[in-house]
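A short write-up of the structure that comes next.
Computed over heavy atoms, backbone and side chain alike; hydrogens, waters and symmetry mates excluded. Quick note on labels: first sequence line is chain A, next is B, and so on, each numbered from 1.
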Amino acid sequence: MQDPQFEHITSQDRLSEVIEKDLKKRDIIAIDTEGTSLDPYANKLLLLQIGTPEKAYILDIRKLKDFSLVKELLEDPKRLKLTQNGKFDYEALKVSLGIAMKNIYDTMLAEALLNAGLESSPRLSSLKLLAKNYLDVDLKKEIRETFMAGGKITKDQLEYAALDVLVLFPIFGKQYAKIKEKSLTKTAKLEFAVLPVVGEMELRGTAIDVNKWRTNLESLKIKRDEMAKKIQSEIRPLYKNSQADLFGNMGNVVNLNSQKQLMELFNDKLGLELPSTGVSFLQKAHHPVAQLLLEYRGYEKLLSSFGENLISKINKKTKRLHPDFFQLGTATGRFSCSNPNLQQIPRDATFRSCFLAKKGYKLINADYSQAELRILADYSRDPAFVKAYRENADLHTLTASQMYNVPFEKVTKEMRQATKTINFGLMYGRGAVSIGIQIGISADEAKKLLDKYFKTYEGVKKWLDKAAAEAVQKGYAETRIGRKRWFTLPDKSDPSYTREIGSIERAAKNHPIQGTSADMTKLALVFINARFEKEGINGGIVHTVHDEIVSEVIEEQAELASKIQQEEMVRAGETLVKNVPIVADVAISDVWGH
DNA sequence: AGAGGTGGTG
DNA sequence: CATGCACCACCTCT
């Protein structure tokens with residue numbers, strides 16, 4: 001990789017020539033862009049590198065006008081494009097040149113699949129590390145920053161830009177062999193198909209009613225401050241420095257956000273001997289100050305996590321929120337979301353209803369009904385579980401009636417709640433002790449209940465045990481499409497061997513369930529996006545939360561789009577889950593939530 | 001800067 | 001023997 005071959009394209013004629021004479025004949029090309037910003041809406045595109053195995057063409061965007069041939073080349077579904085974090089380039093090209101890249105192999109996503117679940121896997125997939133590990137080439141990434149200034153293109157910058165696409169070919173060769181060897185082709189194809197959908201989703205962003213959001217914050221602030229004042233005056237007598245200051249104000253004696261000071265308060269001053277200041281212990285304390293603190297925490301949490309900071313992320317140009325969706329942000333294949341994380345907005349309508357459709361548009365809220373439990377039923381093929389879903393019976397009530405040996409109609413709320421806790425707990429590999437605590441029964445009683453459960457649902461038990469054993473034996477667990485989650489097995493001599501294995505077993509029971517649910521949602525995103533495009537829907541997907549997909553579409557097409565969305569979610573589910581029906585609930589609304 | 005605690009989501 | 005999956009944001013403290 002010394003002396004990379006490249007050509008700096010600055011004239012329209014030469015651009016047409018290299019496309020006609022060289023690039024059009026290539027089945028595989030590599031794509032990268034350089035610009036002045038990471039925000040596609042603020043970005044000024046400077047370079048577009050189109051690589052072949054032998055040579056990189058570096059298009060000088062500011063010196064060229066007509067990109068129609070480039071568009072044809074990049075949107076051609078038959079030609080494979082190699083990218084590294086192609087979501088960024090997809091968005092940059094879409095906004096700057098109106099080009100929507102198709103048929104992508106992304107080295108970053110592929111590498112994430114090869115390392116899913118392993119420590120620091122996200123850090124293992126930078127181009128610098130890929131080049132080092134696959135090719136033993138040292139890439140200097142410092143030059144990247146120099147593009148931000150947007151000045152004249154230098155020779156160093158050209159060499160850097162060329163290398164970024166040239167290395168992708170040999171990396172692709174070796175990496176794709178690994179993908180095939182580990183039977184990850186299906187998963188990789190799904191991830192690559194999702195990439196442009198995620199790009200579109202991020203570009204579209206979500207509208208937020210700032211005034212409503214701020215009004216909510218104001219009332220929360222008042223309540224929080226009231227609560228803080230109450231607590232301070234309640235505990236002030238316990239502290240020496242409790243006099244009013246020169247102006248007659250009573251000072252704060254503790255910082256209510258300081259875990260350390262709170263422990264001092266509860267244990268030294270109040271003698272409660274709390275092991276921590278977490279919710280469960282504060283509740284059990286049955287102390288007025290603990291109660292007040294819980295209430296204070298509730299408000300403070302909402303204000304700090306979902307306050308002004310979220311509003312500050314609104315894009316200047318679009319006036320909307322454009323969070324980062326990282327499609328392989330988790331070990332199981334789920335999305336993670338940040339800046340801001342719209343996957344953790346409180347369920348409470350006061351918050352969710354602030355996210356709304358733009359004028360003349362509607363939001364389509366859709367989610368899978370009990371996706372994970374249906375997947376567990378499908379995997380285990382447990383007759384009782386499968387029957388419940390086939391007959392569209394309420395699973396929790398049905399399991400309760402069998403466990404407690406009472407007719408379906410005689411199941412009490414408490415019975416249903418207890419079995420519901422077990423049903424969900426199973427998917428986390430949860431044990432009798434922790435289930436007992438939550439239901440409010442002794443560990444012994446919980447164990448009896450679990451034994452009875454597994455006697456009734458032998459298939460479930462068998463499948464869970466097998467999932468755990470196979471993972472420990474193979475070193476990985478996998479989903480319905482073969483998405484792997486890798487485990488680092490501890491050494492037998494490790495003092496924490498048993499604990500480590502236990503943790504692996506729980507994750508291994510969970511991965512096929514959570515991961516297949518993620519596969520399903522991703523497939524649905526691809527299906528919905530394609531159908532919306534095909535049927536000319538004015539609008540698109542704006543948000544996804546694990547088993548939920550939200551779209552924003554023009555009012556006149558809301559009915560049609562909601563039908564499409566539901567159909568495609570079910571179709572995606574049914575391609576992965578065969579023994580149990582898949583149900584998706586849809587609602588058309590002006591705001592997020594049902 | 002990074003760890004630990006706390007708490008929001010599915 | 002102990003035994004709850006997957007995340008991200010904010011706070012304080014070191």
Side-chain angles (χ1 to χ4, degrees), chain A residues 116-117 122 254-263 274-282 293-294 296-310 312-313 323-348 351-352 367-373 375-376 421-422 424-438 443 446-447 450 464 467-468 471 477 479 485 495-518 521 543-549 592-593:
Chain A
V254 297
N255 177 346
L256 297 179
N257 294 328
S258 165
Q259 140 86 1
K260 201 177 149 200
Q261 292 179 37
L262 287 173
M263 286 297 273
L274 299 182
S276 97
T277 66
V279 177
S280 62
F281 297 109
L282 290 180
L293 182 66
L294 279 171
Y296 166 85
R297 281 243 182 101
Y299 300 131
E300 171 63 16
K301 168 76 180 182
L302 297 171
L303 282 164
S304 61
S305 288
F306 310 105
E308 265 330 290
N309 275 339
L310 187 134
S312 74
K313 306 243 163 53
D324 295 326
F325 286 93
F326 184 18
Q327 66 187 84
L328 290 173
T330 71
T332 55
R334 275 187 178 178
F335 281 94
S336 72
C337 179
S338 59
N339 299 312
N341 181 0
L342 293 193
Q343 294 186 326
Q344 62 175 157
I345 299 298
R347 293 200 59 113
D348 192 295
F351 285 90
R352 296 223 167 169
D367 59 1
Y368 283 113
S369 155
Q370 298 187 342
E372 299 197 342
L373 279 173
I375 290 165
L376 174 57
T421 302
I422 296 180
F424 280 116
L426 292 173
M427 299 187 294
Y428 310 143
R430 209 173 170 182
V433 176
S434 95
I435 285 179
I437 289 170
Q438 190 177 333
K447 189 156 184 319
L450 265 184
L464 288 168
T479 68
R485 188 231 163 106
S496 53
Y497 177 80
T498 321
R499 194 160 46 80
E500 297 283 331
I501 289 288
S503 154
I504 288 172
E505 285 177 339
R506 288 192 299 276
K509 290 172 183 173
N510 182 250
H511 175 75
I513 301 171
Q514 190 185 122
T516 299
S517 167
T521 300
H543 192 22
T544 176
V545 197
H546 312 312
D547 61 356
E548 176 183 3
I549 297 173
W592 182 23

With a non-hydrogen cut-off below 4.0 angstrom, is A:Asn339 in contact with a base, only sugar-phosphate, or nothing? sugar-phosphate
For A:Gly278, report the nucleic acid contact type (base, sugar-phosphate, nothing); a contact means any heavy atom under 4.0 Å. sugar-phosphate
Measuring from atom CG of A:Leu450 to atom CG of A:Leu426, what distance do you get when rounded to the nearest 0.5 angstrom? 7.5 Å
Would you tabulate the nitrogen or oxygen pairs shorter than 3.5 Å linking the protein to nucleotides 10-13 of chain C?
unit_1	atom_1	unit_2	atom_2	d
C:dC10	OP1	A:Asn309	ND2	3.0
C:dT12	OP1	A:Asn255	ND2	3.3
C:dT12	O3'	A:Ser258	OG	3.4
C:dC13	OP1	A:Ser258	OG	2.6

Partners of A:Arg334 by salt bridge (charged side-chain N to carboxylate O under 4.0 Å, His left out), sequence neighbours excluded? A:Glu372
Strictly below 4.0 Å: does A:Arg499 bring a side-chain N or O up to OP1 or OP2 of C:dA2? no
Across all chains, not counting sequence neighbours, the salt bridge (charged side-chain N to carboxylate O under 4.0 Å, His left out) partners of A:Lys447 are A:Asp451
Heavy atoms under 4.0 Å, any strand shown: does A:Thr277 hit a base, just sugar-phosphate, or nothing? sugar-phosphate
Span that lies between the P atom of B:dG5 and that of C:dT3, in whole angstrom: 16 Å
Output the distance between atom CG (A:Leu294) and atom OH (A:Tyr299), rounded to the nearest 0.5 Å. 11.5 Å
Partner set under side chain to side chain contact (heavy atoms under 4.5 Å, CB included) for A:His543, not counting sequence neighbours: A:Phe325, A:Leu342, A:Gln343, A:Val545, A:Val550, A:Trp592
Tell me: CG of A:Asp547 to P of C:dA6, nearest whole Å? 17 Å
What integer distance in Å separates A:Arg485:CZ from C:dC7:C1'? 12 Å
Return the value, rounded to whole Å, for the distance between atom CD of A:Glu500 and atom C1' of C:dA2. 13 Å
For A:Ile375 versus A:Pro512, what's the shortest heavy-atom pair and its separation? CG2-O, 4.1 Å
Round to a whole Å and report the spacing from CG of A:Leu450 to C1' of C:dG4. 13 Å
Sorted by chain and number, sequence neighbours left out, ring pair (Phe, Tyr, Trp, His ring centres under 6.0 Å) with A:Tyr497 holds for none
Got a sec, which residues hit side chain to side chain donor-acceptor pair (under 3.5 Å) with A:Glu308, two or more places apart in sequence or on another chain? A:Arg214
Among residues 427-436 of chain A, which residues get a heavy atom nearer than 4.0 Å to DNA chain C? A:Tyr428, A:Arg430, A:Gly431, A:Val433, A:Ser434
Ignoring the backbone of A:Arg506, work out which of C:dC7, C:dT3, C:dC8 is nearest its side chain. C:dT3
For A:Tyr296, give me all partners under ring pair (Phe, Tyr, Trp, His ring centres under 6.0 Å), at least two apart in sequence or on another chain. none
Between C:dC5 (P) and A:Gln438 (CD): distance, integer Å: 14 Å
Roughly how many Å apart are C:dG4 and B:dG7, using the C1' atom of each and rounding to a whole number? 16 Å
From the 5' end of DNA chain B to its 3' end, which nucleotides mark the outer limits of contact with chain A, defined by a 4.0 Å heavy-atom distance cut-off (strictly under)? B:dG5 to B:dG10
Quick check: any donor-acceptor pair below 3.5 Å linking the side-chain of A:Gln344 to the base of C:dC8? yes
A:Gln259: side chain to side chain contact (heavy atoms under 4.5 Å, CB included) partners, not counting sequence neighbours: A:Met263, A:Thr277
Rounded to whole Å, how long is the line connecting atom CD1 of A:Ile375 with atom C1' of C:dC5? 14 Å
Taking only residues two or more places apart in sequence or in another chain, which ones pass side chain to side chain contact (heavy atoms under 4.5 Å, CB included) with A:Ser369? A:Arg374, A:Val583, A:Asp585
With a non-hydrogen cut-off below 4.0 angstrom, is A:Ser517 in contact with a base, only sugar-phosphate, or nothing? nothing
Assign each of A:Ser338 and A:Thr332 the nucleotide of DNA chain C bearing its closest heavy atom; nearer the 5' end lies the nucleotide of A:Thr332
Taken in chain and number order and not counting sequence neighbours, the residues that satisfy side chain to side chain contact (heavy atoms under 4.5 Å, CB included) with A:Ser304 are A:Glu300
